[in-house]
Amino acid sequence: MTNATNSQLEVEIAGVRFNNPVWTASGTCGYGLDMAELIDLNKLGGICTKGLSAKPMRGNAPWRIVETHGGMLNAIGLQNIGARAFVADKLPELRKYDTRIVPNVFGYTIEEYIEAIQILEEGEGIHAYELNISCPNVKAGGESFANDARQAAAVTEAVKKAASRPVIVKMSPNVTDVAAVARAVESAGADALSLINTAVGMAIDINTRRPRLANKTGGLSGPAIKPIAVRCVFQASRAVKIPLVGIGGIATTEDALEFIIAGASAIQVGTANFYDPSASMKIVDGLADYCQRNGLKSINELVGSVVVD
Amino acid sequence: MTNATNSQLEVEIAGVRFNNPVWTASGTCGYGLDMAELIDLNKLGGICTKGLSAKPMRGNAPWRIVETHGGMLNAIGLQNIGARAFVADKLPELRKYDTRIVPNVFGYTIEEYIEAIQILEEGEGIHAYELNISCPNVKAGGESFANDARQAAAVTEAVKKAASRPVIVKMSPNVTDVAAVARAVESAGADALSLINTAVGMAIDINTRRPRLANKTGGLSGPAIKPIAVRCVFQASRAVKIPLVGIGGIATTEDALEFIIAGASAIQVGTANFYDPSASMKIVDGLADYCQRNGLKSINELVGSVVVD
Amino acid sequence: MSAFGKIIDAVVPVERNEIVRSGSSRSYGYLRLRLDEPIPVLPGQFAMLKAHGIHEPLLRRAMAFYRQERMGEKLDVEFIYQILGRGTQELAKLAPGDKVDFLGSLGNTYDINFAAGREASHEALLVAGGVGSPAVFMLAEELLKREIPTRLFLGGASHGDLCGLNDFTALLGKERIACATVDGSYGEQGFVTAPLERQLKALAGKPAVIYSCGPDPMLHAVAKLADAYEVPAQLSLEAPMGCGFGVCVGCAVAVKHDCPANSSESFVYKKVCTDGPVFWSKELHW
Amino acid sequence: MSAFGKIIDAVVPVERNEIVRSGSSRSYGYLRLRLDEPIPVLPGQFAMLKAHGIHEPLLRRAMAFYRQERMGEKLDVEFIYQILGRGTQELAKLAPGDKVDFLGSLGNTYDINFAAGREASHEALLVAGGVGSPAVFMLAEELLKREIPTRLFLGGASHGDLCGLNDFTALLGKERIACATVDGSYGEQGFVTAPLERQLKALAGKPAVIYSCGPDPMLHAVAKLADAYEVPAQLSLEAPMGCGFGVCVGCAVAVKHDCPANSSESFVYKKVCTDGPVFWSKELHW
Ligand SMILES: Cc1cc2nc3c(=O)[nH]c(=O)nc-3n(C[C@H](O)[C@H](O)[C@H](O)COP(=O)(O)OP(=O)(O)OC[C@H]3O[C@@H](n4cnc5c(N)ncnc54)[C@H](O)[C@@H]3O)c2cc1C
Ligand SMILES: Cc1cc2nc3c(=O)[nH]c(=O)nc-3n(C[C@H](O)[C@H](O)[C@H](O)COP(=O)(O)OP(=O)(O)OC[C@H]3O[C@@H](n4cnc5c(N)ncnc54)[C@H](O)[C@@H]3O)c2cc1C
Ligand SMILES: Cc1cc2nc3c(=O)[nH]c(=O)nc-3n(C[C@H](O)[C@H](O)[C@H](O)COP(=O)(O)O)c2cc1C
Ligand SMILES: Cc1cc2nc3c(=O)[nH]c(=O)nc-3n(C[C@H](O)[C@H](O)[C@H](O)COP(=O)(O)O)c2cc1C
Ligand code: FES
Ligand code: FES
C-alpha cells in the first residue's frame with residue numbers, strides 16, 4: 001500500500017488540485033457515498049456523481065442493463081434524485097471526505113442545464129462540473145447535443161456563463177469527428193474534456209424477439225470499448241490544449257497508464273466498479289508503484305507521452 | 001448436419017439467390033480459396049473477398065493486429081493482389097464452388113473504384129460487389145467516403161453506373177448518423193447495404209509508449225462490437241427499404257439470429273473465422289436446425305421480425 | 001455498515017461444489033464457500049459471486065444465501081444455483097480450493113417480526129419455486145427458532161427441480177411441506193399455487209403472512225392470491241444486476257408511492273439490490 | 001492439402017501439462033496433446049492453440065511443435081510455452097483430460113536438403129534462444145537421422161530458460177551443445193552469439209548452414225554473423241497472428257524482391273504463417 005496523498009500522483013485540472021488522477025465515473029458510483037462501505041473515498045482523486053438534472057427523474061422501465069462480451073449495455077434513463085436533493089442530502093456528508101467532488105450534470109434543453117447548475121452553485125464543496133452532453137436536445141429536434149459541434153459548443157458556452165466552477169465537458173464516441181466536437185467545445189470555453197461516454201448499442205432476445213432493453217438501445221461500456229476510448233483520447237489530445245480525462249473500460253493500472261500515455265491527465269473507472277469495486281483503489285496503488293519503479297517525480301510526466309513518428 | 005442447400009435457408013438479395021444467409025466477411029477469409037482446406041466452401045452462402053483495388057497494394061508495416069478484450073484491432077492497410085490478379089488467378093478456381101462470390105472493392109478516389117470495378121466486370125462468375133467506402137477520399141481532403149452521406153452517395157452512384165452486377169455498400173459505424181448515410185446510399189442506387197465495418201480504435205504499449213499498431217489506429221472487430229453492429233442494422237432497417245447484410249462479432253447461430261431479427265437478410269462471419277474457422281459451417285447448420293425446430297418455411301420470415309412497441 | 005449488516009469484498013475458497021442434474025435436463029450447483037470473516041447473513045440476503053480470475057463474463061451474479069454454518073473463526077455459506085448462462089457455467093467449473101470473488105451480505109431481509117405478530121403469531125406460508133427456494137431456507141430456520149407456525153409450498157418443473165427438498169424436509173418435517181411439480185413426478189401435478197390456495201382457504205381468516213421467492217410468473221400468481229385472500233405477502237424479487245450494491249440502478253422495480261400533489265406519477269423505481277430484494281407485494285406497481 | 005502437409009481443426013485432449021518455473025522468475029509449460037489423426041508434422045511447423053471453451057482471449061496462440069510421438073493410431077504432439085499473457089495463462093490452467101482447440105500443422109519447414117548438400121553435407125548450426133528452442137528440436141532429430149553434422153547453440157536468461165536442455169542433451173550429446181546464459185548460471189555468461197561466432201570462425205570456410213529460432217534481437221544478431229561469415233541462415237520468425245492459416249494478413253514480414261521495372265518498392269509483405277515461419281535471412285528486409 002502506498003500513501004494515497006503521495007505527491008507524485010497529484011494532478012491539476014482546470015485549476016483544481018486532485019490528490020491523484022483516479023476518479024470514479026458518473027453513473028457507476030451513485031452519489032459517491034454509496035461506495036463508502038466498499039472503498040476508502042479519501043483515496044480517490046475524484047468522484048463524478050450520477051448525472052443530476054434540475055428536477056428528479058424516474059428513469060427508464062426495466063430491463064435497464066444487459067451484459068455483452070467484454071461489456072454491458074445500460075439504459076438507466078438518467079434516474080436521479082435531482083440537483084436539489086443532492087445538495088441538501090448528499091453533499092454535506094460527501095464533502096467530509098478528502099476527495100474532489102464533480103457532479104455530472106445534464107438537461108434536455110440548455111435552460112435545464114443552467115437550472116441544474118444554478119442549484120448546484122448553491123452547494124458547498126463542489127470542485128468542478130462534468131457536463132453530460134449526450135442527451136437529446138428536445139428543443140432542437142431531439143438530436144444529441146454531443147452529436148453536433150455547434151450544439152455542444154452552445155451548451156458549453158451557456159453553462160460556462162452560469163458556473164463559477166470549472167466545467168469539464170464529456171464527449172460522446174458516437175460521432176464522426178470527435179476532434180471537431182472537442183475543438184468546438186474548447187473554443188466555447190470548456191476547462192477540460194472527459195471522454196468517452198458510452199457507445200450506442202443494442203441487444204435482442206432471440207426467443208422473445210424483443211430488444212433486451214426496454215429502451216431498445218443503450219450505452220455500451222466496459223473493456224470492449226477501451227480501444228475506441230483510447231483512440232478518442234488520442235485524437236482529442238491532438239486537437240485541443242485543455243486537459244483530458246480518460247474514460248472507457250478502465251479496470252487495471254495498465255489500462256489507466258494507457259490512457260495517461262495517450263493524453264489523459266486523469267482517468268475515470270466506470271463499469272469496473274460493478275464487478276471489481278476495489279478497482280479504483282488498486283489503480284491508485286498501482287500508479288504510485290509505477291512512478292516509484294520508474295523514477296517518475298510526477299505522473300504528469302507521463303501525460304501524452306505516446307511516441308508517434 | 002443439415003443439407004446446406006436446404007431451401008429454407010435460401011435468401012435473395014438484389015436479385016441474387018444465395019443458398020443460405022451465411023457469408024464470410026471481407027478480409028477474414030482471404031480470397032475464399034484460402035479457407036477451402038478448413039471448410040466446405042459449397043456450404044457457404046457467399047464469400048466476400050479481401051478488399052480489392054485496381055492495383056495491388058503492399059499494405060501497412062507490422063505490427064498490424066492487436067488483440068483486445070472481446071475483439072481485435074487490425075491495420076492491414078488493405079494489402080491485396082489487385083483486381084486483375086484476382087480475376088486471372090483466383091476467380092477461375094473459386095467459381096467452381098457452389099457459392100456466391102462478392103468481391104469487396106475499394107479505392108482512394110472515385111476513379112480508382114471505377115477502375116477496379118471495370119477490371120472485375122471482365123471476370124466471370126462474380127455475383128455482386130461489396131463497396132468498402134471506409135477509405136479516405138484523397139481527392140476530397142482525406143475524409144473517409146463513409147463518413148459523409150454525400151461522398152458515400154457519390155461513390156455509390158458512380159460505381160452503379162460502371163457495374164453490371166448488384167452493388168452492396170458497406171457502412172461504417174464511425175459516423176454520427178448511420179441512418180442518414182444509409183438513406184443517401186440507397187437514394188444513390190445501392191442494391192443492398194452491409195454493416196458494419198470495423199470501429200476505429202487504438203492501443204498503446206505502456207512499456208514502449210508507442211501505439212501497438214504501426215498505423216497508430218486500427219479497426220476494432222469481434223464480439224466486442226456486436227451491440228454496436230446490431231444497433232446499426234436496426235437503425236438502417238428503419239431508414240431504408242433495400243436489404244441489409246449484418247456484420248460484427250458474429251460467432252454463433254444465436255448471434256446470427258440476433259442480426260436477422262434486427263433486420264438483416266444475410267450475415268457475414270468475420271473475426272470468428274480466425275479463432276473458430278468452422279464458425280460459418282456451424283451457423284449454417286444452426287440456422288437450419290432453428291428453422292426446423294420453429295417450423296419456419298423460410299428464414300426470411302425472421303428478417304426484421306424484432307418486436308418494438 | 002449498510003442497514004442490514006456488513007459488506008465485504010473478498011476472494012474466498014470453494015469448500016464444495018456439487019453439480020446435480022435434474023430429470024428435466026436442468027442442472028444445479030451446490031456451492032459452499034468459506035469466509036474468513038463471520039459477517040452477519042440474514043434470511044433473504046444475497047451475495048454477488050464470480051469465479052475468481054476469469055475474464056468473461058465480467059459481472060458477478062446475484063445468489064441468495066441458502067445456508068450458513070459457523071466454522072470456528074470462519075463462516076461457511078452455501079448457495080444453490082441453476083446452471084444457465086456464462087456466469088453460472090463458470091461457477092460450475094469450480095473445484096474445492098478454487099477461488100470465488102465474493103461480495104456480501106447484500107440486500108434486505110424478510111420482516112419476520114410481522115409473522116411474530118404483536119400478540120399472537122401469524123402462520124407463515126413459505127412459497128418457493130425453482131431456485132427461489134434457497135432464498136427461504138434460512139427464513140424457515142429463523143421462523144422455527146421463533147416458534148412461528150410455518151408451512152412450505154415448493155414448486156418446480158420436476159422432482160429434481162425442487163431445490164433443497166431434503167434439507168427442507170429435515171428441517172420442517174414432511175407434513176408441513178406441500179410440493180407441486182409441473183410433470184407430476186413429485187407431489188401434486190401442477191403449480192404450487194394450487195396447494196397454497198387450498199391452505200389460504202383453510203385458514204378461514206386466521207392471521208397469516210406469505211413469504212415467497214421464485215420465477216416472476218409464480219410471484220405474480222402468489223400476489224394475486226394474497227390479494228384475493230387478504231393475506232399480506234413479501235416477495236423476493238429478481239432483476240438483472242450490474243453491481244448488487246446500489247450504484248448502477250440497473251435493477252429497477254416499479255414501486256407505488258403516494259403521489260405528491262404536483263406529480264402525475266403513480267410509481268417510482270426502487271432498487272432490487274438495496275431496497276429489496278424483499279418487497280411487500282402491495283408496494284409493487286405491476 | 002497445404003504445401004507442407006495437412007491442416008486439421010480439432011478439439012483434442014491434454015495428455016500432460018507440466019508447469020516449471022525458472023530461476024529468472026519466468027514460467028514455462030510443457031504441454032502434450034493427443035491427436036486422433038496422425039497428421040504430418042514437420043520441423044519448424046506450428047499449431048494454433050487455445051484452451052477449449054474459454055471466452056477470453058479470443059484468438060488462438062501460435063506454438064511451434066516441439067516433439068511428436070506416434071501412439072498406435074494416434075499422434076502425441078508436444079509444445080513448450082512461456083507463460084506470458086492471457087492466452088498462455090489459460091493454457092497453464094489445463095489439466096490432463098481437459099481440451100484444447102488445435103489447428104495444425106501450419107507453416108513451412110526448414111530446408112534440410114540444403115544442409116544435406118548436393119555432394120557433401122554442410123555443418124548444421126542450430127541457434128536457439130528462450131522458447132525458440134522447441135522449434136528446432138525436431139529439426140535436430142531429422143538432421144541426425146540424415147547424418148548431417150549438427151551443433152546446437154542454446155541461449156537464455158538463466159539456466160531454467162534453456163528450454164528442453166535435457167532432451168537436447170540426450171539427443172545430441174553434451175559436446176555438441178554450447179550454452180550461454182545472461183546471468184552465467186549455466187554455460188558461458190553472455191549471449192549465445194558468442195559461441196556461435198567462435199564456431200563460425202573455426203569453420204574456416206567449411207560449408208555450413210545456420211537454422212535459428214528465438215527472440216527478434218537474437219535473430220538480428222544471428223543474421224549479421226551469417227552475413228559476415230557468409231554462411232546461409234534460415235530464421236524462424238515470430239509475428240502476432242490472427243489466424244495462422246493465411247487469411248488475416250496480420251503476420252506480415254517485409255521480404256526483399258526483385259523490383260519490377262515500374263516499381264520503386266524494394267520489398268513486399270509476406271505472411272509469417274504460410275510463407276514462413278522459416279525464411280532465409282537474405283530474403284528479409286530488416
Ligand atoms: C437477489 C437475487 C438472488 C438470486 N438468487 C439465486 C439463487 O439462489 N440461485 C440461482 O440459481 N439464481 C439466483 N438468482 C438469479 C441469478 O442471479 C441468475 O440466474 C444468474 O445471474 C444467471 O446468470 P448466468 O450467467 O447463468 O446467465 P446469463 O447468461 O446472465 O443469463 C441467462 C438467462 O437468464 C437471464 N437472466 C440473467 N440474469 C437474470 C436475472 N437476474 N433475473 C432474471 N433473468 C436473468 C438472461 O437474460 C438470460 O436469458 C438470483 C437473482 C437475484 C437478483
Ligand atoms: C510461428 C510461431 C511459433 C511460436 N512458438 C512458440 C513456442 O513454441 N513457445 C512459446 O512459448 N511461444 C511461441 N510463440 C510465441 C507465442 O505465440 C506468443 O508468445 C504468445 O502468442 C503469447 O501469448 P500470450 O497470450 O501469453 O500473450 P499476449 O497477452 O498475447 O501477449 C503478451 C506479450 O507478448 C507480445 N506478443 C504477443 N504475441 C506475440 C508474438 N506472436 N510475437 C511477439 N510478441 C508477441 C504481446 O504484445 C505482449 O507484450 C510462437 C509464435 C509464432 C508466431
Ligand atoms: C450504468 C451506467 C450509468 C451511467 N450513467 C451515466 C450518467 O449518468 N452520466 C454520464 O455522463 N455518464 C454515465 N455513464 C457513462 C460512464 O460514466 C462512462 O463514461 C462509460 O461507462 C464508459 O466507461 P466504462 O467503460 O469504464 O464504464 C454511465 C455508465 C453506466 C455503465
Ligand atoms: C483483419 C481484418 C481485415 C479486414 N479487411 C477488410 C477489407 O479489406 N474490406 C472490408 O470492407 N472490410 C474488412 N474488414 C472488416 C470485416 O469485413 C468486418 O466488417 C468487421 O471485421 C466486423 O466483423 P467481425 O466483428 O465479425 O470481424 C477486415 C476485418 C479484419 C478483422
Ligand atoms: S444492481 Fe446495481 S443498483 Fe442494483
Ligand atoms: S496469421 Fe493470419 S495471415 Fe498469418
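Excluded from the calculations below are hydrogen atoms, water molecules and symmetry mates; all remaining heavy atoms, backbone and side chain alike, are included. Owing to the predicted nature of the structure, the values given are computational and were not obtained by experimental measurement.
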Worksheet item: Within the side chain of Gln79(A), is there an N or O that forms a donor-acceptor pair under 3.5 Å with the backbone of Tyr269(C)?
Response: yes
Worksheet item: Looking at Phe274(A) and Phe245(C), what are the two nearest heavy atoms and their distance?
Response: O-CE2, 4.1 Å
Fill in: Within 6.0 angstrom of Arg209(A) CZ, more than 12 heavy atoms from elsewhere
yes
Worksheet item: Distance from Asn74(A) atom CG to Cys248(C) atom SG, nearest 0.5 Å?
Response: 8.5 Å
Worksheet item: Is it true that a side-chain atom of Arg58(A) and a backbone atom of Val268(C) form a donor plus acceptor pair closer than 3.5 Å?
Response: no
Discussion item. For the backbone of Leu59(C) and the side chain of Glu67(A), can you confirm whether one donor and one acceptor N or O come within less than 3.5 Å of each other?
Written reply: yes
Worksheet item: Tell me, side chain or backbone of Ala252(C) under 4.5 Å from chain A's heavy atoms, or both, or neither?
Response: both
Worksheet item: Would one find more than 12 heavy atoms of other residues, nucleotides or ligands at under 6.0 Å from atom NZ of Lys270(C)?
Response: no
Discussion item. Is the shortest side-chain heavy-atom distance between Pro223(A) and Glu56(C) below 4.5 Å?
Written reply: no
Worksheet item: Under 6.0 Å from the NZ atom of Lys282(A), do we count more than 12 heavy atoms belonging to anything else shown?
Response: yes
Worksheet item: Can you tell which of Ala36(A), Pro277(A), Pro56(A), Ala75(A) has the highest number of heavy-atom pairs within less than 4.5 Å of chain C?
Response: Pro277(A)
Item to complete: Count the heavy atoms belonging to other residues, nucleotides or ligands that lie under 6.0 Å from CZ of Phe191(C), then report whether that count exceeds 12.
Response: no
Discussion item. Minimum heavy-atom separation for Arg64(A) and Val249(C), please, with both atom names.
Written reply: NH1-O, 2.9 Å
Worksheet item: When Val247(C) is tested against each of Asp34(A), Leu38(A), Thr28(A) for side chain to side chain contact (heavy atoms under 4.5 Å, CB included), which residue passes?
Response: Asp34(A)
Worksheet item: Checking Met241(C) against chain A: side chain, backbone, both or neither under 4.5 Å from a heavy atom?
Response: backbone
Discussion item. Let's test your reading of the structure: which of Val253(C), Asp101(C), Leu58(C) forms the most heavy-atom pairs below 4.5 Å with chain A?
Written reply: Leu58(C)
Worksheet item: Quick check: are there more than 12 heavy atoms from other residues, nucleotides or ligands sitting under 6.0 Å from NZ of Lys93(C)?
Response: yes
